[in-house]
Amino acid sequence: MRQLFKDYEVRQYVVQVIFSVTFGFSCTMFELIIFEILGVLNSSSRYFHWKMNLCVILLILVFMVPFYIGYFVVSNIRLLHKQRLFFSCLLWLTFMYFFWKLGDPFPILSPKHGILSIEQLISRVGVIGVTLMALLSGFGAVNCPYTYMSYFLRNVTDTDILALERRLLQTMDMIISKKKRMAMAQRTMFQKGEVQNKPSGFWGMIKSVTTSAPGSENLTLIQQEVDALEELSRQLFLETADLYATKERIEYSKTFKGKYFNFLGYFFSIYCVWKIFMATINIVFDRVGKTDPVTRGIEITVNYLGIQFDVKFWSQHISFILVGIIIVTSIRGLLITLTKFFYAISSSKSSNVIVLLLAQIMGMYFVSSVLLIRMSMPLEYRTIITEVLGELQFNFYHRWFDVIFLVSALSSILFLYLAHKQAPEKHMAP
């Protein structure tokens, strides 16, 4: 944790412990998935560890993290500092109310179980986590090929960069010239005693704007012009830096590594189209796969080629590799995203709250990953996971993922299309 957030000091020891425990138990769930495939430990031991792991992480996500988030938020408000425990409990009760009401619109409730049973808690955590996963997956499926493929790079030349730099230098010269005029005018006014006799109040400000002494400068108008030019200079600087970055990407795309990522971009673009198409089909026809993708893919290949193949044996090993890749990339991708998010918005006062929010997101994300990864496993390896998770509507979560993924992917396509279309127009003006 200290390595993740090394640029900001997270002073509270309890925050460090909560984040570390959440991350540790989240990774333990993925480890137990691998144990299910490899058959490590006996079934009763795996069931016990699954049950204990889920109970602990649900206790953290539903009770501890929301309470401490409210506690540190209230602690930063001076007026509520003396009664922070009371207001922290009040915020936690508010969270619990909305968390519980979250289950009303969705078919996840089960009257057979108690109020605080694992099924009741994990069903609501799953809705939030699956929504988060689908949003990130939809954006990533579109942004990844857009970032990797050289096809989407603008054609930037040295002439474009020089022209923009020339405009930036001209703007800076105009700013310097106007600031010199302001300094000279203030010096002249000071020498004539106009500064001491300057009228004050609202009407004095109006008079200073609308009138000026003979031979003197209107400082208010010049200051407004300087402010506008400084804003223009900032925009030109950002556009210049963007052109340099694009030019570096063009040069990078010509290297072997750049060509490799360009190939990956085309591959992911095909995957993105296929995923959007399949999500649409699943939504329209209310379809959820009964067989894991690996086994289904091997069966289709074997039937098409007409060869002798041990589908059950190889599906087990390929599923293990596939699940391992999903686990590693999920953990790595989420940690990178959380770290960037923390660096972007954190400060010395808000660092504890932000870390706890990231722990909440991370825990819900990983719990939901278990719900969805379950479908990627062969049927014989899902038994214990299904027993531990209880009588959840697993089909609902896959259908909900498809709906949110489709909305996120289409929205990302629209956003990137508009951004890509408008980007070259910024440099059209001379």
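Residues Lys254 and Ile250 meet the side-chain proximity criterion, which asks for heavy atoms closer than 4.5 Å. The side-chain heavy atoms of His49 and Phe35, taken from C-beta on, include no pair separated by under 4.5 Å. The shortest distance between side-chain heavy atoms of Cys27 and Phe23 falls below 4.5 Å. Annotation: side chain of Leu121 is in contact with side chain of Phe99 (closest heavy-atom distance under 4.5 Å). Here the side chains of Ser368 and Leu132 are not in contact, with every heavy-atom distance at 4.5 Å or above. Using a 4.5 Å cut-off on side-chain heavy atoms (C-beta onward), Val142 and Phe415 make no contact.
Atom CD in Gln170 sits 10.0 Å away from atom CG in Leu236 (nearest 0.5 Å). Between Leu357 atom CG and Ile361 atom CD1 the span is 6.5 Å, to the nearest 0.5 Å. Expressed to the nearest 0.5 Å, how far SG of Cys89 lies from CE of Met96 amounts to 13.0 Å. The line from NE2 of His398 to CG of Leu371 is 7.5 Å long, rounded to the nearest 0.5 Å. In this structure, CH2 on Trp50 lies 10.0 Å from OG1 on Thr28, to the nearest 0.5 angstrom. The structure places CG of Leu410 at 7.0 Å from OG1 of Thr280, a figure rounded to the nearest 0.5 Å.
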Atom pairs and distances, donor-acceptor, side-chain atoms in residues 51-72, under 3.5 Å, two or more places apart:
from: Asn53; atom 1: ND2; to: Phe25; atom 2: O; distance (Å): 3.1

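Asp160 and Lys247 are not joined by a salt bridge, as no carboxylate oxygen comes within less than 4.0 angstrom of a charged side-chain nitrogen. Under the 4.0 Å criterion applied to side-chain N and carboxylate O atoms, Arg181 and Glu225 are not assigned as salt-bridge partners.
Between the Ser233 side chain and the Glu230 main chain, a donor and an acceptor come within less than 3.5 Å of each other. Side chain of Ser408 to backbone of Ile404: no donor-acceptor contact under 3.5 angstrom is found. Using modelled atom types, no side-chain atom of Arg46 and backbone atom of Leu32 make a donor-acceptor pair closer than 3.5 Å.
Of all heavy-atom pairs spanning Ile222 and Lys178, the tightest one is CG2-O, 3.8 Å. Heavy-atom minimum distance, Arg399 versus Ile283: NH1-O, 3.2 Å. Between Phe95 and Gln360 the shortest heavy-atom distance is CZ-NE2, 4.1 Å. The two atoms that bring Phe87 and Val74 nearest to each other are CB-CG2, 3.9 Å, heavy atoms only. Minimum interatomic distance between Thr22 and Met362 (heavy atoms only, all atoms of both residues): CG2-CE, 3.9 Å. Nearest heavy-atom pair, Tyr397 versus Val127, reported as atom, atom and distance to 0.1 Å: CE2-N, 3.7 Å.
Checking Trp100 against Gln120 by side-chain atom types alone, no donor-acceptor pair falls below 3.5 Å.
For the side-chain hydrogen bond (donor to acceptor under 3.5 Å, both in side chains) criterion with Tyr244, the lone passing option out of Arg249, Glu239, Glu165 is Glu165.
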